*Asks:* 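Okay, here's the structure, questions in a sec.
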There are 2 protein chains.
Amino acid sequence: MNETEPVSKTRLRLWLKLLKASNRIEDEIRRKLREDYQSTLPRFDVMSALFRYPDGLKMSEISDLLRVSNGNITGIVDRLTQEGLAERASVPGDRRASLVRLTDTGRSAFAEHAAAHEGWIDRLLTGLSEEDTAAMIARLDKLIDTLEDPRP
Amino acid sequence: MNETEPVSKTRLRLWLKLLKASNRIEDEIRRKLREDYQSTLPRFDVMSALFRYPDGLKMSEISDLLRVSNGNITGIVDRLTQEGLAERASVPGDRRASLVRLTDTGRSAFAEHAAAHEGWIDRLLTGLSEEDTAAMIARLDKLIDTLEDPRP
DNA sequence: TCCAATTATTTTAAGCTTGAACTATTTAGG
DNA sequence: CCTAAATAGTTCAAGCTTAAAATAATTGGA
């Protein structure tokens with residue numbers, strides 16, 4: 001590649017490769033969730049958040065954690081509760097809010113999905129050495145730090 | 001981090017960071033496209049593909065390039081043509097197929113969006129050094145190679 | 001105590017996304 | 001030449017996603 005490539009072009013190339021890699025992995029995860037569990041990645045993400053908080057999360061806490069809109073969470077939680085995987089409970093002292101928890105069924109279903117998910121990722125990333133994996137993690141940490149920094 | 005972490009956990013951590021970084025950047029790109037151009041990332045992607053092929057692409061060529069379903073492309077191209085940014089033309093000798101091209105309006109709009117897009121990526125990735133950028137690119141190339149390898 | 005401002009969630013309209021079914025057309029083999 | 005199989009694109013149902021509007025409830029200051 002040309003040594004005189006402007007740094008903005010190099011960064012664009014980095015972004016396109018980042019996008020390509022994450023899209024390829026995500027496509028595979030979505031396919032496996034659908035085929036093996038008749039589920040979806042957004043449901044998996046919501047269940048994952050709820051799994052980490054056994055006492056439950058409020059709707060807006062879920063949307064904050066997952067960085068998606070409240071309206072989106074309403075729809076996903078509606079479907080999870082319809083299928084008996086999650087339930088809404090009232091919040092003492094605040095009739096506006098509701099607390100969402102996984103049911104026992106939901107917890108065990110998620111535990112199985114999560115184990116399988118880890119196996120899929122393990123297989124997909126087998127081609128990277130441990131050194132490359134560690135080196136990527138270190139640099140992604142730096143990148144994430146700069147992305148989260150509110151300074152311009 | 002614990003030296004004895006299983007390699008599958010390390011790979012899972014890598015995946016989650018990859019996802020976090022690409023989601024943060026993508027969210028910002030989507031926001032800027034909507035606020036500055038009243039456009040969307042899928043439209044940008046389709047226009048980008050068409051921009052690179054001035055003689056046009058068939059519908060299924062667009063869906064192959066972008067790795068999305070034909071039905072999705074139908075909808076996006078419908079809206080781009082309704083807004084005068086693209087047009088469909090017939091394919092000599094094959095009445096099933098159609099060829100999609102950007103209009104002059106579409107070409108100039110995309111050129112502006114693409115220049116802005118490069119500037120946004122440049123700004124978002126400013127926090128990474130040139131060494132780190134190159135090191136990431138090299139490793140993402142390896143990762144992409146393994147993801148594209150059809151061997152199990 | 002009252003009420004404007006704020007908050008929590010749902011609803012809405014619009015865009016995107018998939019996989020499957022459907023329609024129209026082309027291709028290839030008998 | 002004929003027709004089954006394959007192909008190109010559209011339509012459909014269902015799920016996701018956003019931002020904004022709407023509704024119900026809470027909060028805090030005058």
Side-chain angles (χ1 to χ4, degrees), chain A residues 23-24 26-49 56-83 85-100, chain B residues 23-24 26-49 56-83 85-100:
Chain A
N23 280 351
R24 290 303 174 97
E26 189 170 308
D27 287 350
E28 179 67 7
I29 300 306
R30 286 180 188 275
R31 189 180 69 80
K32 294 293 285 179
L33 282 169
R34 186 179 68 248
E35 291 184 359
D36 296 357
Y37 300 112
Q38 292 70 56
S39 190
T40 66
L41 191 50
R43 294 159 64 96
F44 179 89
D45 289 338
V46 169
M47 291 177 83
S48 174
L57 289 169
K58 298 198 312 190
M59 302 292 281
S60 46
E61 286 172 334
I62 303 172
S63 70
D64 287 345
L65 272 169
L66 301 184
R67 293 171 62 91
V68 297
S69 68
N70 280 62
N72 193 4
I73 294 303
T74 296
I76 296 169
V77 169
D78 279 353
R79 287 184 287 276
L80 287 173
T81 58
Q82 276 156 17
E83 294 181 40
L85 299 172
E87 61 195 358
R88 280 181 170 95
S90 58
V91 175
D94 192 342
R95 294 206 304 275
R96 296 168 301 174
S98 50
L99 207 59
V100 188
Chain B
N23 280 351
R24 290 305 174 96
E26 190 170 309
D27 287 350
E28 179 67 8
I29 299 307
R30 286 181 190 274
R31 188 182 68 81
K32 294 293 287 179
L33 281 170
R34 186 179 66 249
E35 290 185 359
D36 296 357
Y37 300 113
Q38 293 70 56
S39 191
T40 66
L41 192 50
R43 293 160 64 96
F44 180 88
D45 290 337
V46 170
M47 291 176 82
S48 174
L57 289 169
K58 299 199 307 190
M59 302 290 284
S60 46
E61 286 172 335
I62 303 173
S63 71
D64 286 345
L65 272 169
L66 301 183
R67 295 171 59 91
V68 297
S69 67
N70 281 61
N72 192 6
I73 295 302
T74 296
I76 296 169
V77 169
D78 279 354
R79 287 183 286 277
L80 287 174
T81 59
Q82 275 156 17
E83 293 180 40
L85 299 172
E87 61 195 358
R88 279 180 171 94
S90 57
V91 176
D94 192 344
R95 295 207 304 274
R96 297 169 301 174
S98 51
L99 207 59
V100 187

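No hydrogens, no waters, no symmetry mates; every other heavy atom, side chains included, goes into these values. Convention: sequence-line order gives letters A, B, ...; per-chain numbering from 1. As the structure is a computational prediction, the values presented were derived from the model and not from experiment.
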*Asks:* Looking at N72(B), I'd like to know whether one of its side-chain N or O atoms comes within less than 4.0 Å of OP1 or OP2 on dT18(C).
*Replies:* yes
*Asks:* Determine, step by step, whether N72(B) and S63(B) satisfy the side chain to side chain contact (heavy atoms under 4.5 Å, CB included) criterion, reporting the C-alpha distance in whole Å, the side-chain angles of both residues, the deciding distance to 0.1 Å, and the verdict.
*Replies:* CA-CA 8 Å; N72(B) 192 6; S63(B) 71; over 6 Å; no
*Asks:* What pair of heavy atoms forms the shortest contact from Q38(B) to E35(B), and how long is it?
*Replies:* NE2-O, 3.2 Å
*Asks:* Evaluate the criterion side chain to side chain contact (heavy atoms under 4.5 Å, CB included) for residue pair L33(B) and R43(B); output intermediate values, then yes/no.
*Replies:* CA-CA 10 Å; L33(B) 281 170; R43(B) 293 160 64 96; over 6 Å; no
*Asks:* So which heavy atom on L99(B) is nearest to which on V91(B), and how close?
*Replies:* N-CG2, 3.9 Å
*Asks:* Does L41(A) reach a base, just sugar-phosphate, or nothing at all? Heavy atoms under 4.0 Å.
*Replies:* nothing
*Asks:* Contact class for S69(B) vs. all strands (heavy atom < 4.0 Å): base, sugar-phosphate, or nothing?
*Replies:* base
*Asks:* Which nucleotide span of DNA chain D, 5' end to 3' end, has atoms closer than 4.0 Å to non-hydrogen atoms of chain A?
*Replies:* dG15(D) to dT26(D)
*Asks:* In terms of side-chain geometry, is the basic nitrogen of E83(A) or R79(A) positioned less than 4.0 Å from the acidic oxygen of its partner?
*Replies:* no
*Asks:* What is the distance from CG of D27(B) to C1' of dC16(C), rounded to the nearest Å?
*Replies:* 15 Å
*Asks:* R30(B) and E26(B): salt bridge (charged side-chain N to carboxylate O under 4.0 Å, His left out), yes or no, with the steps?
*Replies:* CA-CA 6 Å; R30(B) 286 181 190 274; E26(B) 190 170 309; 2.9 Å; yes
*Asks:* If you look at every heavy atom in V46(A) and I73(A), which pair is closest and at what distance?
*Replies:* CG2-CD1, 4.1 Å
*Asks:* Within the 4.0 Å heavy-atom criterion, would you say R34(A) contacts the bases, only the backbone, or no part of the nucleic acid?
*Replies:* sugar-phosphate
*Asks:* So which protein N/O to nucleotides 3-10 of chain C N/O distances come out below 3.5 Å?
*Replies:*
from	atom 1	to	atom 2	distance (Å)
dT7(C)	O2	R96(A)	NH1	2.6
dT9(C)	OP1	M59(A)	N	3.3
dT9(C)	OP1	S98(A)	N	3.0
dT9(C)	OP1	S98(A)	O	3.1
dT9(C)	OP2	S60(A)	N	2.7
dT9(C)	OP2	S60(A)	OG	2.7
dT10(C)	OP1	R88(A)	NE	3.3
dT10(C)	OP1	R88(A)	NH2	3.0
dT10(C)	OP2	T74(A)	OG1	2.6

*Asks:* Using whole Å, report how far CD of Q38(B) lies from P of dA13(C).
*Replies:* 21 Å
*Asks:* When the distance from CD of Q82(B) to P of dA14(C) is rounded to whole Å, what number comes out?
*Replies:* 13 Å
*Asks:* Apply side chain to side chain contact (heavy atoms under 4.5 Å, CB included) to residues R67(A) and N23(B) and explain how you reach the verdict.
*Replies:* CA-CA 10 Å; R67(A) 293 171 62 91; N23(B) 280 351; over 6 Å; no
*Asks:* Is there a donor-acceptor pair closer than 3.5 Å between any side-chain N or O of T81(B) and the backbone N or O of V77(B)?
*Replies:* yes
*Asks:* Answer with base, sugar-phosphate or nothing: what part of the nucleic acid does R31(B) contact at a heavy-atom distance below 4.0 Å?
*Replies:* nothing
